[in-house]
Enquirer: 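So that we are looking at the same thing, I have put the structure below in C-alpha cells.
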Amino acid sequence: RLGFRQQVSDVLHDAAEALAAQAGEPPAGDPAYGALTEQIGALYTMAREREVHAAFAPADPEKAAA
C-alpha cells in the first residue's frame with residue numbers, strides 16, 4: 001500500500017512541476033489580474049466545489065440516472 005501511495009505522489013508531483021513550468025509567471029502589478037484573483041478567491045470555496053460536483057456526479061447512482 002505504501003508503495004502505491006508513493007508512486008501516485010511521485011506522478012502528481014511530476015505533473016504539477018510540468019504544469020507550473022508551462023504556466024509561467026503571473027502578470028506583476030496588473031490591477032485587472034489582482035482584481036480577478038480576489039474575486040475568484042472570494043467565490044471559490046470547498047463547499048461550493050462539492051455543490052458543483054454533486055450537480056454533475058451525485059454520489060447516489062439513482063440520482064445520476066434521473
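Not measured: the values here are computed from a predicted model.
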Enquirer: Rounded at 0.5 Å granularity, tell me how far CG in Leu36 sits from CG in Asp30.
Expert: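 Between atom CG of Leu36 and atom CG of Asp30 there are 9.5 Å.
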Enquirer: Could you state the interatomic distance from NE2 (His13) to CD (Gln6), rounded to the nearest 0.5 Å?
Expert: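 Reported value, rounded in 0.5 Å steps: 10.5 Å.
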Enquirer: Please check: side-chain N/O of Thr37 versus main-chain N/O of Tyr33, any donor-acceptor pairing under 3.5 Å?
Expert: yes
Enquirer: Does any non-hydrogen side-chain atom of Thr45 lie less than 4.5 Å from one of Glu49?
Expert: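 They are not in side-chain contact.
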Enquirer: Rounded to the nearest 0.5 Å, what separation is found between the CE atom of Met46 and the NE2 atom of His53?
Expert: 7.5 Å
